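As the structure is a computational prediction, the values presented were derived from the model and not from experiment. Computed over heavy atoms, backbone and side chain alike; hydrogens, waters and symmetry mates excluded.
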Amino acid sequence: MTKAEKKQLRYDTAYMRMAMEWAKLSHCKRKQVGSLIVKDRMIISDGYNGTPTGFENACEDEEHYTKWYVLHAEANAIMKVASSTQSCAGATLYITLSPCKECSKLIHQAGIKRVVYATAYKDSSGIEFLKRAGVEVVALTLH
């Protein structure tokens, strides 16, 4: 491993650990997911899965199914950037769970060029789409 690769791995590990901490803010019981968007070594946005602003915090209904309007962590982070003066163009998304196919479209359209995830989602079509779109995808296992 080159010196540059070691440095990148060090940063990737640190940002992923931060995304894992951010996931703990989620009120979802079934799965807590956190994300960070980093550009030029600066965190420009963060997000975790949960209900939209102004809604109750419970993510699951009485039958323990996730409510249809729960937002995914990466969607929340991308929307925060959209409502700011920042841009995701060329950024890296760190996410604790690999993106679903719907969020993968948002990631690509937002101009994010690199996605680092810790755990694979049950459906890999989001990752396959990102690779096809030319987004660098990295699976990062933390010890």
Next on the checklist: Can you give me the closest heavy-atom contact between Ser87 and Ile44, atom names plus distance?
Outcome noted: O-CD1, 3.5 Å

Checklist entry - Do any N or O atoms from the side chain of Asp40 and from the backbone of Met42 form a donor-acceptor pair under 3.5 angstrom? => result no

Next on the checklist: To the closest 0.5 Å, what do you measure between SG (Cys100) and NZ (Lys122)?
Outcome noted: 10.5 Å

Checklist entry - Counting only N and O atoms by type, is there a donor-acceptor contact under 3.5 Å from the side chain of Tyr15 to the main-chain atoms of Arg41? => result yes

Checklist entry - Would a 4.5 Å heavy-atom cut-off, applied to side chains only, mark Arg114 and Tyr94 as touching? => result yes

Item to check | Backbone N/O of Leu71 and side chain of Asn49: donor-acceptor pair under 3.5 Å | outcome: no

Checklist entry - Is Asn76 reaching over with its side chain to a backbone N or O of Tyr48, donor-acceptor style, under 3.5 angstrom? => result yes

Checklist entry - Under 4.5 Å between any side-chain heavy atoms of Leu93 and Val38, yes or no? => result no

Next on the checklist: Quick check: closest heavy atoms across Cys59 and Gly50, and the distance to 0.1 Å?
Outcome noted: SG-CA, 3.9 Å

Checklist entry - Side-chain contact, heavy-atom cut-off 4.5 Å: Ile112 with Thr92? => result no

Next on the checklist: Run Lys7 and Asp12 through salt bridge (Lys or Arg N to Asp or Glu O under 4.0 Å) and show every step you take.
Outcome noted: CA-CA 9 Å; Lys7 184 177 182 181; Asp12 286 350; over 6 Å; no

Next on the checklist: I want to check something: taking the side chain as every heavy atom from C-beta on, are Ile37 and Cys88 in contact at a cut-off of under 4.5 Å?
Outcome noted: yes

Next on the checklist: Would you compute the distance between atom OG of Ser125 and atom CD of Glu102 and round it to the nearest 0.5 angstrom?
Outcome noted: 9.0 Å

Checklist entry - At what distance, to the nearest 0.5 angstrom, does NZ of Lys113 lie from CG of Leu130? => result 10.5 Å

Item to check | Backbone N/O of Val33 and side chain of Ser26: donor-acceptor pair under 3.5 Å | outcome: no

Checklist entry - With the threshold set at 4.0 Å, does a side-chain nitrogen-carboxylate oxygen contact exist between Glu128 and Lys131? => result no

Next on the checklist: What's the separation between atom CE in Met16 and atom CH2 in Trp22, rounded to the nearest 0.5 Å?
Outcome noted: 15.5 Å

Checklist outcome for this item: Minimal heavy-atom distance between Glu74 and Cys103, with the atoms involved, is OE2-CB, 3.2 Å

Checklist entry - Shared ILVMFWY cluster between Ile95 and Met18, side chains joined below 4.5 angstrom? => result no

Next on the checklist: Under a 3.5 Å distance rule, please check whether Gln109 uses its side chain to pair with a backbone N or O of Leu106 as donor and acceptor.
Outcome noted: no

Checklist outcome for this item: Taken to the nearest 0.5 Å, the spacing of Met20 CE from Gln32 CD works out to 12.5 Å

Item to check | Full working for side chain to side chain contact (heavy atoms under 4.5 Å, CB included) between Ile107 and Val115 | outcome: CA-CA 9 Å; Ile107 291 164; Val115 173; 3.8 Å; yes

Checklist entry - Do any N or O atoms from the side chain of Thr51 and from the backbone of Glu56 form a donor-acceptor pair under 3.5 angstrom? => result yes

Checklist outcome for this item: Note: Ala58 and Lys67 closest approach over all heavy atoms is O-NZ, 3.1 Å

Checklist entry - Do the ring planes of Phe55 and Tyr69 sit parallel (below 30°), tilted (30 to 60°) or perpendicular (above 60°)? => result tilted

Next on the checklist: Please determine whether residues Val137 and Tyr11 belong to a single hydrophobic cluster, defined as Ile, Leu, Val, Met, Phe, Trp and Tyr linked transitively by side-chain heavy-atom distances below 4.5 Å.
Outcome noted: no

Checklist entry - Going hydrophobic residue to hydrophobic residue with side-chain gaps under 4.5 angstrom, can you get from Val70 over to Tyr65? => result no

Item to check | Lys6 side chain near Arg10 side chain, heavy-atom distance below 4.5 Å | outcome: no

Checklist outcome for this item: Shortest non-hydrogen pair, Ala23 vs Gly34, comes out as CB-N, 3.3 Å

Item to check | Non-hydrogen atoms of Ile127 and Tyr117 that approach each other most closely | outcome: CD1-CE2, 3.8 Å

Checklist entry - When clusters are formed by joining ILVMFWY residues with side-chain heavy atoms under 4.5 Å apart, either directly or through shared neighbours, do Ile43 and Leu140 land in the same one? => result yes

Item to check | Atom NZ of Lys80: over 12 foreign heavy atoms under 6.0 Å | outcome: yes

Checklist entry - Donor-acceptor pair, Gln86 side chain versus Val81 backbone, under 3.5 Å? => result no

Checklist outcome for this item: Taken to the nearest 0.5 Å, the spacing of Ser104 OG from Phe129 CZ works out to 7.0 Å

Item to check | Intermediate values then yes/no, side chain to side chain contact (heavy atoms under 4.5 Å, CB included), Leu9 and Glu5 | outcome: CA-CA 6 Å; Leu9 179 60; Glu5 290 170 332; over 6 Å; no

Checklist entry - When you measure from the side chain of Lys39 to the backbone N and O of Ala89, does any donor-acceptor pair fall under 3.5 Å? => result yes

Checklist entry - Taking the side chain from Glu60 and the backbone from Lys29, do they hold a donor-acceptor pair closer than 3.5 Å? => result yes

Next on the checklist: Do Ser45 and Leu36 make a side-chain contact, defined as non-hydrogen atoms from C-beta onward lying under 4.5 Å apart?
Outcome noted: no

